[in-house]
**Q** 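Let me give you the structure first, and then I'll get to my questions.
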Amino acid sequence: APGRESVDQIGIAGRRARDLISQILTFSRSATREAVWQRVRPMVEEAVQILRPALPPSVLLREQLCEEPLAITLSPTEVQQLVSNLATNAAQALPDARGSISIDLARTTVARPMPAHVGELRPGVYAEITVTDTGCGINANTLSRLFEPFFTTRRRQRGTGLGLHVVHGIVTAHGGAIVVDSTPGGGTVFKVFLPASSEADTTPAVLPSEPGVLGGGERVAYLDDDEVVRLMVQRVLEHQGFDVSVYAEPRQLVETLAKYPEEFQLLITDYSMPGMNGLEVAHAVRAVRSDIPIIILTGYVPDHLRLEVAALGAAEVLNKENTFEELGTRAASALQGRIGKQV
Ligand SMILES: Nc1ncnc2c1ncn2[C@@H]1O[C@H](COP(=O)(O)OP(=O)(O)OP(=O)(O)O)[C@@H](O)[C@H]1O
Ligand SMILES: [Mg+2]
């Protein structure tokens, strides 16, 4: 179909993007998963071993891992993705690749609910994995967008901005939380809290399940000016059972719908694009299709945008941070006519 791209055609982010697609598919893969409690220390040790040769020799890598038996529900692959994404960021934050990174594992008891950047830190026992660097630190603006998919300050190094979003997905799926402490110029600490048990038990608990296949081949148009994002979202939605056509140009999509108003059953669009923003696209589409459900993805949701989108009818805004966790479910309920009811 026109507008389709194959993974092999991505020029921009190449292999990194392909790795990330498989990471995302790992965590958007649903069905009921059985929670298996496994010892955390050997998994972190293995992740650090894999990581060490990937770091420049000028980076001093330290690890301090607690000896107490402590089990978590993450798989070894998830622990590896988590540690490697955090440590890679830490290494990239070091000026001239000089400085140190510490990876620590501790048993932490939370007595009172505590604020967190991701998830909720409820009272309980946690395996706390901390990645500390002596790098450039994070400014307030970056801090507020850190876990958004595709948010990157590394345009030149071709970052895809998915590393921390993947970490966010893994931690949320296991009921954990993340706290970030950073001072511009003074280094950064990422503290990941994972619900823990003192024994690696053999009785599997059941994790909250998400529906697997959400779509039934419904025709979805996805509009985004960013090539990598288009490909990722397309892959995830197709994986969930939707028939997705992608558009890079707002005008091209609007023209298609003007010519063939019944071509799509759902429109999903990014908000900030050069030329025409997502809201303008929605208005143009409404002129030819008064009933098509519309989902607008945006990193920042000001009140006026919510109101304007609500006024469109059958439309809603979805925070980009929740793209991979929620887009499929929201698309499915939009297609069933349940949209814009709880904006
Ligand atoms: N330890 C850190 N120190 C300073 N900035 C950081 C740190 N970790 C993350 N960041 C900032 O957060 C942004 C998002 O990180 P994320 O890992 O999601 O994407 P990325 O590293 O830019 O790209 P990718 O991980 O896909 O290569 C980074 O671009 C960087 O600006
Ligand atoms: Mg990264």
Side-chain angles (χ1 to χ4, degrees), residues 1-5 10 12 145 148-152 161 214-215 218-238 240 242-343:
R4 293 257 166 120
E5 290 154 294
I10 312 186
I12 318 173
R145 305 193 55 190
E148 240 177 61
F150 315 115
F151 174 77
T152 181
L214 293 162
E218 291 91 346
R219 298 180 314 279
V220 177
Y222 179 70
L223 170 66
D224 200 309
D225 60 310
D226 187 315
E227 187 186 10
V228 177
V229 184
R230 276 202 306 278
L231 190 87
M232 301 276 178
V233 173
Q234 180 180 25
R235 291 297 300 256
V236 171
L237 288 175
E238 285 184 342
Q240 292 169 331
F242 301 97
D243 176 8
V244 185
S245 303
V246 293
Y247 289 83
E249 277 290 320
R251 274 165 230 293
Q252 204 193 338
L253 171 69
V254 173
E255 276 163 28
T256 303
L257 274 169
K259 230 170 162 179
Y260 310 104
E262 301 303 319
E263 185 74 2
F264 300 113
Q265 295 163 270
L266 170 67
L267 165 63
I268 303 172
T269 176
D270 184 29
Y271 179 75
S272 54
M273 293 174 291
M276 213 174 172
N277 72 35
L279 188 62
E280 290 163 340
V281 171
H283 277 290
V285 167
R286 269 285 168 274
V288 291
R289 272 288 301 273
S290 59
D291 59 334
I292 190 171
I294 301 173
I295 297 175
I296 299 177
L297 295 173
T298 175
Y300 170 62
V301 193
D303 285 344
H304 73 84
L305 181 61
R306 262 187 208 291
L307 293 174
E308 281 167 303
V309 171
L312 278 167
E316 67 184 7
V317 193
L318 177 62
N319 192 319
K320 269 200 161 175
E321 198 167 291
N322 304 322
T323 302
F324 292 113
E325 289 89 341
E326 284 186 18
L327 187 57
T329 325
R330 301 285 282 266
S333 64
L335 283 157
Q336 287 158 17
R338 288 181 282 115
I339 185 172
K341 307 256 152 77
Q342 9 94 283
V343 260

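Numbering starts at 1 and runs along the sequence shown. Atom set for the values below is all heavy atoms of this structure, side chains included, hydrogens, waters and symmetry mates excluded.
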**Q** Minimum heavy-atom separation for Asp224 and Met273, please, with both atom names.
**A**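 Closest approach of Asp224 to Met273: CA-SD, 4.2 Å.
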**Q** Roughly how far, to the nearest 0.5 Å, is the CD atom of Glu326 from the NZ atom of Lys320?
**A**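 If we round to the nearest 0.5 Å, Lys320:NZ and Glu326:CD are 15.0 Å apart.
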**Q** Mind checking the OG1-CZ spacing from Thr152 to Arg145? Nearest 0.5 Å is all I need.
**A**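 The CZ atom of Arg145 is 10.5 Å from OG1 of Thr152, to the nearest 0.5 Å.
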**Q** Please determine which of Leu318, Leu214, Val236 meets the side-chain contact (heavy atoms from CB on, under 4.5 Å) test together with Leu327.
**A**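 In the set Leu318, Leu214, Val236, the residue that makes a side-chain contact (heavy atoms from CB on, under 4.5 Å) with Leu327 is Leu318.
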**Q** Apply side chain to side chain contact (heavy atoms under 4.5 Å, CB included) to residues Phe264 and Leu257 and explain how you reach the verdict.
**A** CA-CA 8 Å; Phe264 300 113; Leu257 274 169; 4.1 Å; yes
**Q** Testing the basics here: between Ala331 and Leu266, what is the closest heavy-atom pair and its distance to 0.1 Å?
**A**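 Reported closest heavy-atom pair: CB-CD2, 3.6 Å.
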**Q** Of all the heavy-atom pairs spanning Pro293 and Ala334, show the shortest one and how long it is.
**A**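 Smallest heavy-atom distance, with atoms named: CG-O, 3.7 Å.
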**Q** Starting at CZ of Phe242, measure out to CG of Leu237 and round the result to the nearest 0.5 Å.
**A**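 That separation rounds to 6.5 Å.
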**Q** Any salt bridge linking Arg230 with Asp225? Criterion: basic side-chain nitrogen under 4.0 Å from a carboxylate oxygen.
**A**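 Looking at Asp225 together with Arg230, the answer is no, because their closest N to O distance does not fall below 4.0 Å.
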**Q** As an exercise, state the distance from CD1 of Ile292 to CD of Glu262, rounded to the nearest 0.5 Å.
**A**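 Taking CD1 in Ile292 and CD in Glu262, the distance rounds to 8.5 Å.
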**Q** Work out which heavy atom in Ala282 is nearest to a heavy atom in Ile296; give both atom names and the distance.
**A**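 Closest heavy-atom pair between Ala282 and Ile296: CB-CD1, 4.2 Å.
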**Q** Which distance, rounded to the nearest 0.5 Å, do you find between the CD of Gln265 and the CG of Leu335?
**A**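 CG of Leu335 is found 6.0 Å from CD of Gln265.
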**Q** Counting C-beta onward and ignoring hydrogens, is there a side-chain heavy-atom pair between Leu279 and Leu305 closer than 4.5 Å?
**A**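 Of all side-chain heavy-atom pairs linking Leu305 with Leu279, at least one is under 4.5 Å.
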**Q** If you compare all heavy atoms of Val281 against all heavy atoms of Pro250, which two are closest, and at what distance to 0.1 Å?
**A**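 Minimum heavy-atom separation between Val281 and Pro250: CG2-CB, 3.7 Å.
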**Q** Counting N and O atoms only, with roles assigned by atom type, does the side chain of Arg286 sit under 3.5 Å from a partner on the main chain of Arg289, one being a donor and the other an acceptor?
**A**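 Pair found, side chain donor or acceptor close to backbone of Arg289.
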**Q** In the structure I gave you, are the side-chain heavy atoms of Val301 and Tyr271 within less than 4.5 Å of one another anywhere?
**A**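 Not in contact.
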**Q** For Asp291, I'd like to know if atom CG has over 12 heavy atoms of other residues, nucleotides or ligands within 6.0 Å.
**A**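 It does: Asp291 CG has more than 12 such atoms within range.
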**Q** Begin from the C-alpha positions of Arg330 and Ile268 and carry the test side chain to side chain contact (heavy atoms under 4.5 Å, CB included) through to its verdict.
**A** CA-CA 10 Å; Arg330 301 285 282 266; Ile268 303 172; over 6 Å; no
**Q** What's the spacing between Leu223 CG and Arg251 CZ if we round to 0.5 Å?
**A**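 One gets 11.0 Å once the value is rounded to the nearest 0.5 Å.
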**Q** Exactly one of Leu253, Leu297, Thr269, Ile295 should register a side-chain contact (heavy atoms from CB on, under 4.5 Å) with Tyr222. Which one does?
**A**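 Testing Tyr222 for a side-chain contact (heavy atoms from CB on, under 4.5 Å) against Leu253, Leu297, Thr269, Ile295 leaves exactly one candidate, Leu297.
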**Q** Answer yes or no: is there a donor N or O on one side and an acceptor on the other, between the side chain of Glu280 and the main chain of Asn277, under 3.5 Å?
**A**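 Looks like yes, one N/O pair under 3.5 Å.
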**Q** Restricting to non-hydrogen atoms, name the atom on Met276 and the atom on Ala284 that form the minimum distance, rounded to 0.1 Å.
**A**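 Nearest heavy atoms, Met276 then Ala284: CE-CB, 3.9 Å.
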**Q** Let's go through Glu238 and Arg235 carefully: what are the C-alpha distance in whole Å and the side-chain angles of both, what is the deciding distance for salt bridge (Lys or Arg N to Asp or Glu O under 4.0 Å) to 0.1 Å, and is it a yes or a no?
**A** CA-CA 5 Å; Glu238 285 184 342; Arg235 291 297 300 256; 5.5 Å; no
**Q** Please assess Glu218 against Asp243 for the test side chain to side chain contact (heavy atoms under 4.5 Å, CB included), listing each intermediate value before the final yes or no.
**A** CA-CA 6 Å; Glu218 291 91 346; Asp243 176 8; over 6 Å; no
**Q** Should Arg219 and Glu263 count as an ion pair when the cut-off is N to O under 4.0 Å?
**A**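 Result for this pair is no, no salt bridge flagged.
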**Q** For side chain to side chain contact (heavy atoms under 4.5 Å, CB included), just list the numbers for Val317 and Thr298, CA-CA rounded to whole Å, side-chain angles, deciding distance to a tenth of an Å, and then say yes or no.
**A** CA-CA 7 Å; Val317 193; Thr298 175; 3.3 Å; yes
